[in-house]
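Along the sequence shown, residues carry numbers from 1.
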Amino acid sequence: MDDTNGQVVAGGNGQGKRLDQLFLPTDVLIDKETDSLIICDWGNRRVVRWSRRSGTTQGEILINNIDPYGLAMDDQRYLYISDCNKHEVRRYQIGAKNRTIVAGGNGQGAGLNQLNHPTYIFVDQQQTVYVSDWNNHRVMKWNKGAKEGIVVAGGQGEGNALTQLSYPNGLFVDTLGTIYVADSGNNRVMRWPKGAKQGTVIVGGNGLGAGANQFNGLRGLSFDRHGNLYVVDEYNYRVQRFSIE
């Protein structure tokens with residue numbers, strides 16, 4: 001198998017809104033149960049599903065009329081989607097019409113019951129929702145059924161101190177509750193232990209650039225089962241891998 005070339009598994013037919021096209025996709029997850037990809041097709045204001053079986057030439061629309069930025073799925077196969085224009089995160093049952101607001105939903109703002117342009121999200125096994133609250137420069141944690149969230153990273157205004165974030169994007173939370181966040185405005189990835197008042201820089205933080213220890217436009221991040229960190233480095237047009245000690 002040739003690892004140097006990627007393979008198109010969704011879209012690839014130019015920018016557009018046909019079912020075989022995508023427009024400015026922002027996030028993707030694999031639904032193992034249906035062996036398909038679920039994609040935030042942000043520019044088309046929809047969430048689509050593409051089968052991973054060979055011969056698939058188009059996707060199907062799961063949710064329309066939404067401004068979807070981040071995606072997550074819990075163990076019960078509920079889908080969580082951040083709507084960056086409605087400043088809320090909603091939970092959907094795939095195939096059902098009902099949806100529940102699980103974070104935000106009280107207009108744009110900086111209150112504990114509000115969000116301001118939420119981007120990436122992470123959901124743990126207790127259905128706790130973590131949200132990168134982009135314009136508020138903080139990460140929020142909403143326990144299941146909560147009416148307001150808790151600031152778990154940042155929230156001290158925009159800045160580059162270890163207590164601050166600047167336009168947070170990709171999120172990952174491990175089983176100990178440690179938060180890993182792509183601190184895009186500071187071109188660094190930070191780790192915030194559970195309950196900590198400040199984080200530590202684990203990669204980046206060396207200014208804007210294209211070096212191996214630099215970023216230019218941090219987006220999503222994820223870990224593999226060996227503990228390697230993968231980071232989407234948007235304006236360097238690359239994905240980087242780091243082994244985190």
Side-chain angles (χ1 to χ4, degrees), residues 23-29 38-48 62-74 78-92 97-124 127-161 163-173 179-187 190 192 197 199 217-221 232 234:
F23 179 29
L24 301 176
T26 52
D27 205 0
V28 61
L29 60 80
I38 298 176
I39 302 164
C40 281
D41 189 9
W42 180 74
N44 282 322
R45 303 194 65 237
R46 66 190 184 187
V47 175
V48 293
L62 284 182
I63 301 160
N64 237 333
N65 298 320
I66 184 174
D67 292 288
Y69 207 97
L71 269 182
M73 186 182 271
D74 69 19
Y78 282 101
L79 198 57
Y80 297 74
I81 303 167
S82 64
D83 187 317
C84 57
N85 277 358
K86 285 201 170 76
H87 313 290
E88 64 193 27
V89 179
R90 298 199 284 275
R91 185 180 71 212
Y92 293 82
K97 287 276 179 264
N98 56 336
R99 58 174 196 248
T100 311
I101 294 174
V102 292
N106 295 296
Q108 179 179 7
L112 291 178
N113 68 345
Q114 293 177 305
L115 299 168
N116 187 347
H117 196 87
T119 55
Y120 292 93
I121 54 181
F122 184 91
V123 179
D124 70 12
Q127 296 184 332
T128 308
V129 179
Y130 294 82
V131 188
S132 279
D133 192 6
W134 201 72
N135 269 340
N136 284 326
H137 314 293
R138 66 189 184 183
V139 176
M140 299 294 288
K141 172 184 176 179
W142 289 65
N143 291 311
K144 186 178 179 180
K147 293 283 177 263
E148 60 181 41
I150 304 157
V151 180
V152 288
Q156 304 293 321
E158 186 196 356
N160 62 4
T163 56
Q164 293 177 304
L165 296 170
S166 174
Y167 301 106
N169 270 322
L171 259 189
F172 181 87
V173 184
I179 295 162
Y180 296 83
V181 56
D183 187 12
S184 70
N186 290 318
N187 300 294
M190 295 192 76
W192 290 65
K197 293 283 176 255
L218 277 169
R219 290 284 172 185
L221 54 80
V232 176
E234 183 176 30

S.K.: State the CG-CG distance between N169 and L221, to the nearest 0.5 angstrom.
M.R.: 9.0 Å
S.K.: Do I38 and L79 touch side chain to side chain, with heavy atoms closer than 4.5 Å?
M.R.: yes
S.K.: Can you see which heavy atom on N187 is nearest to which on G217, and at what distance?
M.R.: OD1-N, 3.7 Å
S.K.: Just by distance, do the side chain of N136 and the backbone of G109 share a donor-acceptor pair under 3.5 Å?
M.R.: yes
S.K.: How far apart are the closest heavy atoms of S132 and V139, and which atoms are they?
M.R.: OG-CG2, 4.4 Å
S.K.: Side chain to side chain donor-acceptor pair (under 3.5 Å) with D183: which residues, sequence neighbours excluded?
M.R.: N186, R188
S.K.: Can a donor-acceptor pair be found between the side chains of D27 and Y120 at a distance below 3.5 Å?
M.R.: no
S.K.: Taking only residues two or more places apart in sequence or in another chain, which ones pass side chain to side chain contact (heavy atoms under 4.5 Å, CB included) with N135?
M.R.: N116, H117, Y167
S.K.: How far does CD of E158 sit from OG of S166, to the nearest 0.5 angstrom?
M.R.: 3.5 Å
S.K.: If we only count heavy atoms from C-beta on, is the T128 to V173 side-chain gap below 4.5 Å?
M.R.: no
S.K.: For T119 and P168, work out which heavy atoms get closest and say how close.
M.R.: OG1-O, 3.3 Å
S.K.: Mind checking side chain to side chain contact (heavy atoms under 4.5 Å, CB included) for E88 and listing every partner two or more places apart, or none if nothing turns up?
M.R.: D83, K86, R90, I101
S.K.: I want to check something: taking the side chain as every heavy atom from C-beta on, are V102 and Y78 in contact at a cut-off of under 4.5 Å?
M.R.: no
S.K.: Can you name the salt bridge (charged side-chain N to carboxylate O under 4.0 Å, His left out) partners of R99, sequence neighbours left out?
M.R.: none
S.K.: Any chance you could measure Y92, atom OH, to N98, atom CG, to the nearest 0.5 Å?
M.R.: 10.5 Å
S.K.: Rounded at 0.5 Å granularity, tell me how far CH2 in W192 sits from OG1 in T163.
M.R.: 6.0 Å
S.K.: For residues 40-47, which side-chain donor-acceptor pairs fall under 3.5 Å, sequence neighbours excluded?
M.R.:
residue : atom : partner : partner atom : Å
D41     : OD1  : F23     : N            : 2.8
D41     : OD1  : N44     : ND2          : 3.4
D41     : OD2  : N44     : ND2          : 2.9
D41     : OD2  : R46     : NE           : 2.7
D41     : OD2  : R46     : NH2          : 3.1
N44     : ND2  : G16     : O            : 2.9
R45     : NE   : D67     : OD1          : 3.0
R45     : NH2  : D67     : OD2          : 3.2
R46     : NH1  : K17     : O            : 2.9
R46     : NH2  : R18     : O            : 3.0
R46     : NH2  : Q21     : O            : 3.0

S.K.: How close do P118 and H87 get, counting heavy atoms only, and between which atoms?
M.R.: CD-CA, 3.7 Å
S.K.: For a 4.5 angstrom cut-off between non-hydrogen side-chain atoms, does L112 reach M140?
M.R.: yes
S.K.: Between the main-chain N or O of G70 and the side-chain N or O of S82, is there a donor-acceptor pair closer than 3.5 Å?
M.R.: yes
S.K.: Only distances under 3.5 Å count here; give the side-chain donor-acceptor pairs of residues 141-157 to other protein atoms, sequence neighbours excluded, each with its distance to 0.1 Å.
M.R.:
residue : atom : partner : partner atom : Å
K144    : NZ   : Q127    : OE1          : 2.7

